[in-house]
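Starting from 1, each residue takes its place in the sequence as its number. Atoms within each ligand, like the ligands themselves, are counted from 1 in listed order.
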Amino acid sequence: MIHINNLSYRYTGGTLALDSVNMSINKGEFVALIGKNGCGKTTLVRHLNALLIPTDGSVSVFGMDTKDTPKVWNIRQAVGMVFQNPQNQFVGTTLEEDVAFGPENLALPQNEIRKRVDMALREVGLLEYKTRAPKTLSGGQMQRAAIAGVLAMEPECIVFDEVTSMLDPESRKMILDTIRQLHHNGKTIIYVTQRIGEILPFAGRIISMDNGRIEFMGTPREYLASVKSHVPAITSLMRKLKAKGFDVRDDVFAVDDAFLEITKACMKGYEEERNTDNG
Ligand code: ADP
């Protein structure tokens, strides 16, 4: 559904930010795009809804080439984008007005707009806040409101570009829960982050970038097997336990799995102690 062919991008008078990138994203996937600050993640995802146009190569979204100017609005409707700073994304004086902005631009009938606004606000858990001014919301609520604004356009695919980086852990968890639910309901998700740990348990595929190029593409487990450093804190802990002689798997990255592994190791240790005592 999204095809990126030999995509290169150079900022005017500046860096080659993307260097011959090739990838495809299928309908219904949950892809995490990871990599250090400045490696080209934002530049790449901005190509997916024609905010940037390739210097070289091409990007095709549902068969529409992003260079094809008359298609840009259809492309932006198909691929929604949520950014790091929700404050910069608000246009309405109330939440419902704000979320209605996109569908209004599609010139939809009023009752359809109202239906979409309620659906989108309900989906992010903010329906009861609909008459509030966006600026009175907390950081996490603002980010969920920004997601509602995108949902009201009914996109096939949503790109989240470092949307949790300014949030406290609790809000971060709520946003991630919302995104998982959207994926569960059939949306294609592209999630950009520098925090590998937060996304490994949820993503179906990891794409890692370095210096404008793709350096790895594969499942979370394959990703962990391929890296020595920059592993999630949980994996790092399990590796340390294993190095100390505990019988645990060191390729887990979800807290629940780590909990099970540690519980099993403790039970085994307990059994061994008991056998020694009895013997
Ligand atoms: P990431 O999202 O992984 O942090 P970016 O896509 O923002 O990376 O940046 C990739 C490279 O492009 C960096 O070297 C960055 O300095 C450069 N860059 C980003 N935005 C601009 C811009 N507007 N003008 C010039 N260079 C830019």
Nearest-neighbour protein heavy atom for atom 7 (O) of ligand 1, which is reported as residue plus atom name and distance: T42 CB, 3.8 Å
Protein heavy atom at shortest distance from atom 18 (N) of ligand 1: Y11 CE1, 3.4 Å
E170 with K173: basic N within carboxylate O range, under 4.0 Å: no
Ligand 1 atoms in contact with C39 (distance to a heavy atom under 4.0 Å): 1 (P), 3 (O), 8 (O)
For K41, atoms of ligand 1 separated by under 4.0 Å from a heavy atom: 1 (P), 2 (O), 3 (O), 4 (O), 6 (O), 8 (O)
Contact check: G40 vs ligand 1, nitrogen or oxygen atoms, below 3.5 angstrom: yes
Enclosure of F202 CZ (heavy-atom neighbours >12, cutoff 6.0 Å): yes
Contacts of type salt bridge (charged side-chain N to carboxylate O under 4.0 Å, His left out), residue K71, not counting sequence neighbours: D68
Shortest protein contact, atom 9 (O) of ligand 1 (heavy atom only): T43 OG1, 3.8 Å
Greater than 12 external heavy atoms within 6.0 Å of M174's CE: no
F259 atom CZ: more than 12 heavy-atom contacts under 6.0 Å: no
Atom 4 (O) of ligand 1 [closest protein heavy-atom partner, distance rounded to 0.1 Å]: G38 N, 2.7 Å
Test of proximity, E162 against ligand 1: N or O pairs below 3.5 Å: no
Atom 13 (C) of ligand 1 protein-contacted (non-hydrogen atom, under 4.0 angstrom): yes
Which of the ligand 1 atoms, numbered from 1, are nearer than 4.0 Å to a heavy atom of N37: 4 (O)
Test item, G14 contacting ligand 1 (heavy atom, 4.0 angstrom): no
Ligand 1 contact by K36, heavy-atom criterion under 4.0 angstrom: yes
Candidate pair K130 and V117, rule side-chain contact (heavy atoms from CB on, under 4.5 Å), full reasoning: CA-CA 9 Å; K130 71 181 192 177; V117 169; 5.7 Å; no
Same apolar cluster: I189 and V82, side chain cutoff 4.5 Å: yes
Close side-chain approach of M238 and I262, heavy atoms under 4.5 Å: yes
Atom 16 (O) of ligand 1: nearest protein contact (heavy atom, Å): T15 OG1, 4.7 Å
Test salt bridge (charged side-chain N to carboxylate O under 4.0 Å, His left out) applied to E198 - qualifying residues, sequence neighbours left out: none
